[in-house]
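What follows is a set of notes on a single structure, which appears directly below.
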Amino acid sequence: YPVSIKELEKIDTEGVIGENRKLILYNSSHFWDDVVSQLQKATGFDILQCEQIAMIAHTKGKAVVMSGELEKLSGVESILKEILLKTEIQ
């Protein structure tokens, strides 16, 4: 069968919605414990994983906090921004 325009549009938007994005945390002048505890609050990850993310951001200037759909990442990002952490969704 030929595919209709509506079906193509549906496939295209579903692809965009399901697309994986990355939440990036940038290095900042926050206290270590504040960053780690805010990461834990935002992600639900264990303390070790949060410390690893914070260490990568500290040493390399930025770290991927998590990947996923935009809606999920936006929720996590808003919690990180409560203490003015510098973040970006790519």
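- For E88 and K22, the salt-bridge test fails: no basic side-chain N is under 4.0 Å from an acidic carboxylate O.
- When side chains are defined from C-beta on, T87 does not count as touching V76, because their heavy atoms never get closer than 4.5 Å.
- Residue S28 holds its OG atom at 5.5 Å from CG of L85, rounded to the nearest 0.5 Å.
- Closest approach of A54 to V35, counting heavy atoms only: CB-CG1, 4.0 Å.
- Checking side-chain atoms of H30 against main-chain N and O of I83 turns up a donor-acceptor pair under 3.5 Å.
- Listed here is the closest heavy atom pair of L73 and S67: CD2-C, 4.1 Å.
- E77 contributes atom CD, which lies 9.0 Å from atom CG of L70 (distance to the nearest 0.5 angstrom).
- In this structure, L25 and K86 have side chains that are not in contact, with every pair of non-hydrogen atoms separated by 4.5 Å or more.
- In terms of modelled atom types and a separation under 3.5 Å, the side chain of Q38 and the main chain of I79 share a donor-acceptor contact.
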**OP:** Could you walk me through whether K62 and N27 pass the side chain to side chain contact (heavy atoms under 4.5 Å, CB included) test, one step at a time?
**Re:** CA-CA 6 Å; K62 65 180 182 177; N27 189 34; over 6 Å; no
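- The shortest side-chain heavy-atom distance between M55 and W32 falls under the 4.5 Å cut-off.
- Nearest heavy atoms, V36 versus C50: O-CB, 3.8 Å.
- Atom CG in L48 sits 10.5 Å away from atom CD in Q40 (nearest 0.5 Å).
- Nearest heavy atom pair, residue A63 against residue I53, reads CB-O, 3.4 Å.
- For the pair K41/E82, a side-chain contact is recorded, criterion being any heavy-atom separation below 4.5 Å from C-beta on.
- Checked against salt bridge (Lys or Arg N to Asp or Glu O under 4.0 Å), E71 has no partners two or more places apart in sequence or in another chain.
- Using a 4.5 Å cut-off between side-chain heavy atoms of Ile, Leu, Val, Met, Phe, Trp and Tyr, Y26 falls into a hydrophobic cluster with I24, V64.
- For the atom pair CD1 (I47) and CG (L39), the distance works out to 9.5 Å, reported to the nearest 0.5 Å.
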